[in-house]
Amino acid sequence: RQQADATAEHQRRLEEKWAQKEAARLAGVAERGAKAGKHVEEVKAKVGDVQRQQADTSAERQRRLEETLARKEAARLAGVADRGAKAGKHVEEVKAKVSDVQRQQADATAEHQRRLEETLAQKEAARLAGVAERGAKAGKHFEEVRAKVGDVQRQQADAT
(Lines give C-alpha, C1' and ligand atoms only; values in the text may rest on other atoms or scores of the structure.)
Protein backbone atom coordinates (compact mmCIF):
# COMPACT_ATOMS: atom_id res chain seq x y z
CA ARG A 1 0.00 0.00 0.00
CA GLN A 2 2.76 2.36 0.80
CA GLN A 3 4.39 1.57 -2.39
CA ALA A 4 1.13 2.16 -4.21
CA ASP A 5 0.81 5.48 -2.46
CA ALA A 6 4.36 6.36 -3.35
CA THR A 7 3.76 5.39 -6.95
CA ALA A 8 0.54 7.34 -7.01
CA GLU A 9 2.34 10.31 -5.43
CA HIS A 10 5.12 9.97 -7.96
CA GLN A 11 2.56 9.71 -10.73
CA ARG A 12 0.76 12.81 -9.44
CA ARG A 13 4.07 14.78 -9.24
CA LEU A 14 4.97 13.68 -12.74
CA GLU A 15 1.59 14.78 -14.03
CA GLU A 16 1.93 18.03 -12.11
CA LYS A 17 5.40 18.65 -13.64
CA TRP A 18 4.05 17.70 -17.03
CA ALA A 19 1.10 20.08 -16.53
CA GLN A 20 3.53 22.86 -15.49
CA LYS A 21 5.75 22.15 -18.48
CA GLU A 22 2.69 22.05 -20.75
CA ALA A 23 1.46 25.33 -19.25
CA ALA A 24 4.93 26.84 -19.74
CA ARG A 25 5.01 25.52 -23.32
CA LEU A 26 1.58 26.92 -24.02
CA ALA A 27 2.57 30.21 -22.43
CA GLY A 28 5.69 30.25 -24.65
CA VAL A 29 3.57 29.44 -27.71
CA ALA A 30 1.09 32.16 -26.76
CA GLU A 31 3.94 34.63 -26.17
CA ARG A 32 5.57 33.75 -29.47
CA GLY A 33 2.17 34.00 -31.17
CA ALA A 34 1.61 37.42 -29.61
CA LYS A 35 5.10 38.52 -30.65
CA ALA A 36 4.50 37.16 -34.15
CA GLY A 37 1.15 38.96 -34.33
CA LYS A 38 2.78 42.18 -33.14
CA HIS A 39 5.56 41.69 -35.71
CA VAL A 40 2.99 41.12 -38.45
CA GLU A 41 1.22 44.35 -37.47
CA GLU A 42 4.55 46.22 -37.44
CA VAL A 43 5.41 44.79 -40.87
CA LYS A 44 1.96 45.78 -42.17
CA ALA A 45 2.47 49.30 -40.83
CA LYS A 46 5.94 49.51 -42.42
CA VAL A 47 4.58 48.15 -45.73
CA GLY A 48 1.82 50.77 -45.57
CA ASP A 49 4.39 53.49 -44.91
CA VAL A 50 6.60 52.28 -47.75
CA GLN A 51 3.61 52.07 -50.10
CA ARG A 52 2.54 55.61 -49.15
CA GLN A 53 6.10 56.85 -49.68
CA GLN A 54 6.26 55.10 -53.04
CA ALA A 55 2.87 56.54 -54.00
CA ASP A 56 4.00 60.01 -52.89
CA THR A 57 7.28 59.65 -54.76
CA SER A 58 5.45 58.36 -57.82
CA ALA A 59 2.93 61.21 -57.65
CA GLU A 60 5.74 63.76 -57.28
CA ARG A 61 7.63 62.23 -60.19
CA GLN A 62 4.43 62.26 -62.27
CA ARG A 63 3.81 65.92 -61.34
CA ARG A 64 7.38 66.89 -62.32
CA LEU A 65 7.06 64.99 -65.60
CA GLU A 66 3.80 66.74 -66.37
CA GLU A 67 5.35 70.13 -65.56
CA THR A 68 8.34 69.32 -67.75
CA LEU A 69 6.06 68.21 -70.58
CA ALA A 70 3.97 71.36 -70.19
CA ARG A 71 7.11 73.56 -70.33
CA LYS A 72 8.42 71.69 -73.35
CA GLU A 73 5.04 71.91 -75.08
CA ALA A 74 4.92 75.64 -74.39
CA ALA A 75 8.45 76.03 -75.76
CA ARG A 76 7.52 73.95 -78.83
CA LEU A 77 4.42 76.03 -79.46
CA ALA A 78 6.43 79.23 -79.04
CA GLY A 79 8.97 77.90 -81.54
CA VAL A 80 6.21 76.97 -83.97
CA ALA A 81 4.66 80.42 -83.60
CA ASP A 82 8.07 82.06 -84.07
CA ARG A 83 8.80 80.00 -87.16
CA GLY A 84 5.30 80.76 -88.46
CA ALA A 85 5.84 84.47 -87.95
CA LYS A 86 9.24 84.31 -89.66
CA ALA A 87 7.74 82.32 -92.52
CA GLY A 88 4.90 84.84 -92.87
CA LYS A 89 7.38 87.72 -92.90
CA HIS A 90 9.50 85.88 -95.47
CA VAL A 91 6.43 85.27 -97.65
CA GLU A 92 5.57 88.98 -97.51
CA GLU A 93 9.16 89.91 -98.39
CA VAL A 94 9.13 87.47 -101.30
CA LYS A 95 5.79 88.85 -102.50
CA ALA A 96 7.22 92.38 -102.37
CA LYS A 97 10.33 91.29 -104.26
CA VAL A 98 8.26 89.41 -106.84
CA SER A 99 6.09 92.49 -107.29
CA ASP A 100 9.19 94.67 -107.72
CA VAL A 101 10.74 92.24 -110.19
CA GLN A 102 7.47 91.96 -112.15
CA ARG A 103 7.17 95.77 -112.24
CA GLN A 104 10.82 96.06 -113.35
CA GLN A 105 10.25 93.42 -116.01
CA ALA A 106 7.10 95.20 -117.19
CA ASP A 107 8.99 98.51 -117.27
CA ALA A 108 11.90 96.87 -119.15
CA THR A 109 9.48 95.23 -121.58
CA ALA A 110 7.66 98.54 -122.15
CA GLU A 111 10.99 100.34 -122.66
CA HIS A 112 12.16 97.62 -125.06
CA GLN A 113 8.83 97.87 -126.94
CA ARG A 114 9.17 101.67 -127.12
CA ARG A 115 12.73 101.37 -128.47
CA LEU A 116 11.62 98.76 -131.03
CA GLU A 117 8.75 100.99 -132.15
CA GLU A 118 11.08 104.00 -132.29
CA THR A 119 13.63 102.02 -134.30
CA LEU A 120 10.86 100.73 -136.55
CA ALA A 121 9.55 104.29 -137.06
CA GLN A 122 13.09 105.51 -137.87
CA LYS A 123 13.58 102.67 -140.33
CA GLU A 124 10.17 103.34 -141.87
CA ALA A 125 11.03 107.01 -142.17
CA ALA A 126 14.39 106.11 -143.73
CA ARG A 127 12.67 103.69 -146.08
CA LEU A 128 10.08 106.28 -147.08
CA ALA A 129 12.85 108.87 -147.57
CA GLY A 130 14.73 106.38 -149.72
CA VAL A 131 11.59 105.61 -151.73
CA ALA A 132 10.90 109.33 -152.16
CA GLU A 133 14.53 109.95 -153.17
CA ARG A 134 14.47 107.08 -155.64
CA GLY A 135 11.11 108.31 -156.90
CA ALA A 136 12.50 111.80 -157.38
CA LYS A 137 15.59 110.45 -159.15
CA ALA A 138 13.40 108.21 -161.28
CA GLY A 139 11.16 111.20 -162.12
CA LYS A 140 14.18 113.32 -163.01
CA HIS A 141 15.63 110.48 -165.06
CA PHE A 142 12.27 110.02 -166.75
CA GLU A 143 12.16 113.72 -167.62
CA GLU A 144 15.75 113.58 -168.93
CA VAL A 145 14.92 110.54 -171.01
CA ARG A 146 11.72 112.21 -172.30
CA ALA A 147 13.70 115.29 -173.21
CA LYS A 148 16.28 113.21 -175.06
CA VAL A 149 13.56 111.21 -176.76
CA GLY A 150 11.95 114.50 -177.79
CA ASP A 151 15.32 115.75 -179.13
CA VAL A 152 15.89 112.54 -181.01
CA GLN A 153 12.36 112.64 -182.46
CA ARG A 154 12.83 116.26 -183.52
CA GLN A 155 16.18 115.49 -185.11
CA GLN A 156 14.59 112.60 -186.95
CA ALA A 157 11.70 114.80 -188.00
CA ASP A 158 14.10 117.51 -189.16
CA ALA A 159 16.11 114.99 -191.03
CA THR A 160 13.19 113.71 -192.90
Side-chain angles (χ1 to χ4, degrees), residues 2-141:
Q2 209 179 10
Q3 194 175 19
D5 284 341
T7 303
E9 181 61 25
H10 181 65
Q11 180 66 31
R12 184 190 61 76
R13 273 190 255 146
L14 282 175
E15 286 176 1
E16 194 177 286
K17 279 186 181 180
W18 180 84
Q20 288 175 352
K21 286 185 179 182
E22 183 63 16
R25 185 186 71 77
L26 289 176
V29 167
E31 183 182 343
R32 287 191 301 277
K35 282 183 179 179
K38 182 180 176 185
H39 177 70
V40 166
E41 291 304 317
E42 290 173 354
V43 168
K44 282 182 182 178
K46 286 181 181 178
V47 165
D49 289 346
V50 168
Q51 287 175 339
R52 276 190 298 279
Q53 287 175 352
Q54 287 176 340
D56 291 347
T57 301
S58 179
E60 178 63 21
R61 188 178 301 131
Q62 181 68 26
R63 184 190 62 76
R64 283 194 311 252
L65 283 173
E66 288 173 359
E67 285 178 0
T68 301
L69 285 176
R71 281 194 309 272
K72 287 184 178 183
E73 179 65 11
R76 185 187 70 82
L77 290 175
V80 167
D82 186 46
R83 288 189 300 277
K86 285 181 182 176
K89 182 180 176 186
H90 175 71
V91 166
E92 291 305 316
E93 289 172 354
V94 168
K95 282 182 180 179
K97 286 180 183 177
V98 165
S99 177
D100 287 347
V101 167
Q102 287 175 340
R103 183 182 44 74
Q104 289 173 355
Q105 286 177 340
D107 291 349
T109 301
E111 177 62 22
H112 182 67
Q113 181 69 27
R114 184 193 63 74
R115 283 194 314 263
L116 286 175
E117 288 172 357
E118 185 178 295
T119 302
L120 184 62
Q122 288 172 356
K123 287 183 179 182
E124 180 66 16
R127 185 185 71 77
L128 290 176
V131 166
E133 184 182 338
R134 288 190 302 278
K137 284 183 182 178
K140 183 179 175 186
H141 176 68

Enter the distance from L120:CG to Q113:CD here, rounded to the nearest 0.5 Å. 9.5 Å
Is the shortest distance from a Lys or Arg side-chain nitrogen in E133 or K137 to a carboxylate oxygen in the other one below 4.0 Å? yes
Sequence neighbours left out, what passes side chain to side chain contact (heavy atoms under 4.5 Å, CB included) with V29? Give chain and number order. R25, R32
Rounded distance [0.5 Å steps], CZ in R64 versus CD in Q62: 10.5 Å
Rounded to the nearest 0.5 Å, the CG atom of D107 sits from the CZ atom of R114 at a distance of 12.0 Å
Is R63 salt-bridged to E67, going by a charged N under 4.0 Å from an acidic O? yes
Heavy atoms of other groups near E93 CD, more than 12 under 6.0 Å: yes
Do you know which of E15, E16, E9 makes salt bridge (charged side-chain N to carboxylate O under 4.0 Å, His left out) with R13? E9
Under the 3.5 angstrom rule, does the side chain of S99 hit a backbone N or O of K95 as a donor-acceptor pair? no
Any Lys/Arg nitrogen of R103 or D100 sitting under 4.0 Å from an Asp/Glu carboxylate oxygen of the other? yes
How many angstroms lie between atom OG1 of T119 and atom NE2 of H112, to the nearest 0.5 angstrom? 9.0 Å
